[in-house]
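Please read the structure below before turning to the comments.
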Amino acid sequence: MHYKSKASDLVKDLQDAANFVAYFSANRAAVSTPHLNISALATWEGSELFTEWKSQFRFLPLIEGDKIATPLLILKLDTVVTSVGFSPNGTQIVIGSQDSSVQIWDALTGKQVQELQGHTSRVTSVAFSPDGTQVVSGSYDSSVQVWNVLTGKQKQELLGHTSTVTSVAFSSDGTQIVSGSYDNSVRVWNALTGEQVQELQGHTDWVISVAFSLDRTQIVSGSYDNSVRVWDILTGKQVQELQGHISTVTSVAFSSDRTQIISGSYDNSIRMWDVLTGKQMQEFQGHTSKVTSVAFSPDETQILSGSYDNSVRVWDALTGKQIHKLLGHTSRVTSVAFSPDGTQVVSGSYDNSVQVWDALASKEMQKFQGHTSVVTSVAFSPDGVQIVSGSYDKSVRVWNALTGIQVQEIQGHTDWVISVAFSPDKSQIVSGSDDNSIRLWDALTGKQVQNLQGHTSRVTSVVFSPDGKQIVSGSNDNSVRVWDVLTGKQVQEFQGHTSTVTSVAFSLDGTQIMSGSHDNSIQVWDALTGKKMQELQGHTSRVTSVAFSPDGTQIVSGSNDNSVRVWDALTGKQMQEFQGHTSTVTSVTFFSDGMQVLSGSYDNSVRVWNALTGKQMWMFQGHTSNVTSVAFSPDGTQIVSGSHDNSVRVWHGLTCKQVQELQGHTLSVVPLSFSSDRTSNDIESMDKPFQQQSQIIDLPWYSTSNGWILSASNHNHLMWVPHNILKVLCHPLNTLVISQYGSLSLNLSQSKLGTKWIECYTPKNDPKSKFFIIHEINQTNFESFSRNNIVMVQTVQICKISTWALMPI
């Protein structure tokens with residue numbers, strides 16, 4: 001382990017370890033020796049150790065892996081959960097269970113409201129009526145039962161099936177109920193009288209799942225005969241038979257317009273079908289075991305699935321790509337559902353729990369592609385119609401915030417662009433750079449208006465005064481400077497910080513200037529006289545970003561200590577500390593009403609906080625690397641973020657969906673801003689390329705000088721080895737090793753604990769050896785390892801031969 005002097009840091013390390021254990025609890029590595037897990041902790045992206053060495057690299061390729069998601073609510077039962085669903089208003093959750101009961105829980109408090117008793121065997125399926133006053137349930141006792149939610153009493157018992165009822169659902173108007181059964185039939189019932197209306201025959205084996213179309217004209221069913229069938233409710237005739245699954249179809253659902261159907265199957269796949277043609281439109285692959293439940297999101301842009309692989313997954317309905325993998329259940333997931341507003345997901349499992357998840361944490365509205373390197377700064381124009389961004393690709397770019405189209409690419413800086421901002425009238429853009437200069441640009445033509453020289457090191461932050469007549473800048477030379485926009489001359493220089501000034505800001509009335517620094521302090525200056533008015537102390541590490549509230553009464557700051565803090569601008573006292581980010585907070589700002597705070601972080605997330613309570617309101621996930629800059633649109637409906645993943649992304653502030661991705665920069669994007677009319681964005685980049693040298697050798701993989709291991713056949717990035725931790729990881733604590741001399745796999749099922757763990761490793765000529773050596777590496781087995789088994793990388797030395805080591809999921 002890695003120990004630090006401060007108790008708070010030790011607590012953080014212990015929390016990392018706890019999260020790490022939770023992260024691996026659902027995979028095969030969970031049965032391995034603890035020493036393996038401890039040695040892997042340093043390369044796990046969720047740990048503080050990872051953050052420490054990661055920050056030493058300007059360009060750091062990262063291994064992509066499963067995101068960790070924490071449930072919002074966990075309901076623990078004493079029995080297996082077979083089926084779950086939200087009430088129409090999202091306030092209650094209905095649960096069917098193996099103990100033959102139907103239970104209703106409060107979705108907010110997690111308390112049980114009702115327990116409905118009446119079934120004499122396992123409950124297989126439950127659903128609320130459209131008005132939320134009734135619940136329908138199906139059971140192994142062959143009955144369908146209808147319950148009054150308020151009283152908990154049974155209203156109807158629908159009898160007719162001759163075997164287990166597997167699936168039930170209400171029609172959209174609540175007048176009918178559909179059920180499927182092991183007797184191979186689908187039946188339609190009058191919800192008021194309990195009379196059977198239709199019996200649909202055609203499946204040649206058990207019917208596992210049924211659903212109504214929204215207009216109540218059709219029913220879809222999935223079966224043990226591997227087929228999906230569509231039925232006309234009025235005539236009872238089969239309309240379509242959808243063939244493609246090679247095993248039992250376990251779950252089916254209609255889209256709201258009845259043009260599409262999704263299905264899940266024991267063949268591990270989810271498929272989307274065109275109802276009219278009967279043709280398959282999409283196949284969603286990713287689950288490693290049987291898919292048990294599927295559902296459309298309310299807006300039908302996403303698909304939800306649960307599986308025997310213990311995971312809940314969210315998919316993009318259009319592209320078929322996996323958006324989210326929710327790991328938390330310790331046994332097979334039996335049922336999943338979206339909340340009516342699409343903001344939450346509920347899942348039930350054989351682990352006796354029901355878990356509720358945030359469904360919006362990773363949705364983005366747009367992804368703007370164009371920068372070819374790290375995006376370092378982003379900002380909206382005053383009217384919110386444009387966005388400006390800066391990047392390591394040395395460019396400043398302006399984008400249309402609505403369409404995502406690049407409006408301008410501004411070239412002129414000779415090194416990385418670090419910070420950008422619009423003038424209040426959106427006619428000009430200011431940028432600060434690693435070339436020590438501040439440049440003023442015409443936003444319409446992209447031509448340079450001024451080149452402000454004076455700083456003796458990197459310019460880290462630039463911003464216009466509220467009247468647009470002055471610019472304030474911060475620099476690695478420890479100074480804060482004020483410039484005249486018209487003449488380009490320096491007006492003021494504020495000295496007081498003892499280290500790099502990272503962020504500067506004007507108060508709304510232009511009378512004060514604030515600066516944050518690597519010396520851990522925030523300083524407030526009189527803009528006219530240059531005198532220091534306040535020094536705010538509290539952060540335990542570098543201050544990275546500062547901003548005034550709109551009324552000037554509060555200050556928000558972000559820091560390397562992972563915190564966001566709110567201060568009283570008059571007294572200098574700390575009012576709030578927002579905890580949640582797991583790495584450096586890089587950018588902070590207030591919303592226009594001062595009631596919300598926006599932050600971006602090296603943990604790849606963008607978060608919105610309640611400025612009064614300090615509670616996190618939203619988390620936006622989508623960036624694949626450090627978030628460097630964030631900004632609200634003037635009306636607060638959109639959020640823009642820049643990242644080391646070279647992209648600028650625009651998010652809807654209310655739904656958390658990405659609207660745009662602005663692409664074009666070839667290196668990191670740094671500062672950004674919106675235009676005043678919200679038609680375009682201004683963006684700077686650091687397109688400062690670095691060379692990647694590859695040595696192709698006669699192996700199924702090859703290495704690059706910057707640490708990547710790539711497939712020789714398709715050049716896919718398989719893994720990356722962090723150079724500065726090689727010595728730490730040079731020990732035989734890995735389950736799979738590959739080198740040019742061969743590979744070995746270690747079976748840790750009989751691994752020893754404590755000091756006897758080394759007994760797991762025995763000589764290869766020992767017949768009792770716990771591992772075996774594959775003397776020849778071929779393309780097939782290597783790529784199989786890389787696709788299915790690799791989650792992170794370590795290095796080992798065995799017999800003085802340096803080898804690459806991969807730890808399986």
Flag if over 12 foreign heavy atoms under 6.0 Å of NZ, Lys489 | no

Are any of the side-chain nitrogens in Lys531 or Asp526 under 4.0 Å away from the carboxylate oxygens of its partner?
-> no

Atom [atom1] in [X], atom [atom2] in [Y]: separation rounded to 0.5 Å?
X      : Y      : atom1 : atom2 : result
Ser625 : Asp645 : OG    : CG    : 6.0 Å
Ser395 : Ile410 : OG    : CD1   : 9.0 Å
Gln322 : Asp316 : CD    : CG    : 11.5 Å
Asn478 : Gln495 : CG    : CD    : 7.5 Å
Asn476 : Ile418 : CG    : CD1   : 8.5 Å
Asp509 : Ser465 : CG    : OG    : 11.5 Å

Whether the side chain of [X] engages the backbone of [Y] through a donor-acceptor N/O pair (distance < 3.5 Å, no angle test) should be reported.
X      : Y      : answer
Ser517 : Thr500 : yes
Ser419 : Gly432 : no
Ser599 : Val588 : no
Thr502 : Gly516 : yes
Ser601 : Ser583 : yes
Ser461 : Val504 : yes
Gln490 : Gly454 : no
Asp603 : Thr582 : yes
Thr414 : Asp435 : no
Thr589 : Leu598 : no

Evaluate side chain to side chain contact (heavy atoms under 4.5 Å, CB included) for Phe590 paired with Val566, printing each intermediate quantity in order.
-> CA-CA 10 Å; Phe590 274 101; Val566 178; 4.3 Å; yes

Sequence neighbours left out, what passes side chain to side chain contact (heavy atoms under 4.5 Å, CB included) with [X]? Give chain and number order.
X      : result
Ser473 : Ile438, His455, Val459, Val462, Arg481, Trp483
Gln616 : Arg607, Trp609, Met619
Gln596 : Phe591, Val608, Met617, Phe632

Contact summary for [X] and [Y], nearest pair of heavy atoms:
X      : Y      : result
Pro382 : Ser423 : CG-O, 3.5 Å
Ser431 : Val396 : CB-CG2, 3.9 Å
Val501 : His497 : CG2-CD2, 3.6 Å
Val430 : Ile471 : CG2-CD1, 3.6 Å
Ser629 : Thr586 : N-OG1, 4.4 Å
Ser521 : Gln537 : CB-NE2, 3.4 Å

If you define the side chain from C-beta out and look only at heavy atoms, does anything of [X] sit under 4.5 Å from [Y]?
X      : Y      : result
Asn626 : Asn604 : yes
Lys532 : Val524 : no
Ile555 : Leu536 : yes
Gln428 : Val449 : yes
Asp551 : Leu508 : no
Val640 : Arg649 : no
Val485 : Phe464 : yes
Pro466 : Phe506 : yes

Run the side chain to side chain contact (heavy atoms under 4.5 Å, CB included) check on His413 and Ser437 step by step: do they pass?
-> CA-CA 8 Å; His413 282 293; Ser437 75; 3.4 Å; yes

Do the side-chain N and O atoms of [X] and [Y] include a donor-acceptor pair separated by under 3.5 angstrom?
X      : Y      : result
Ser641 : His623 : yes
Gln408 : Gln406 : no
Gln448 : Gln450 : no

Would you please test Val480 and Ile513 for side chain to side chain contact (heavy atoms under 4.5 Å, CB included) and show each step?
-> CA-CA 9 Å; Val480 178; Ile513 289 171; 4.2 Å; yes

Taking it one step at a time, do Arg439 and Ser433 satisfy side chain to side chain contact (heavy atoms under 4.5 Å, CB included)?
-> CA-CA 8 Å; Arg439 305 200 187 206; Ser433 168; over 6 Å; no

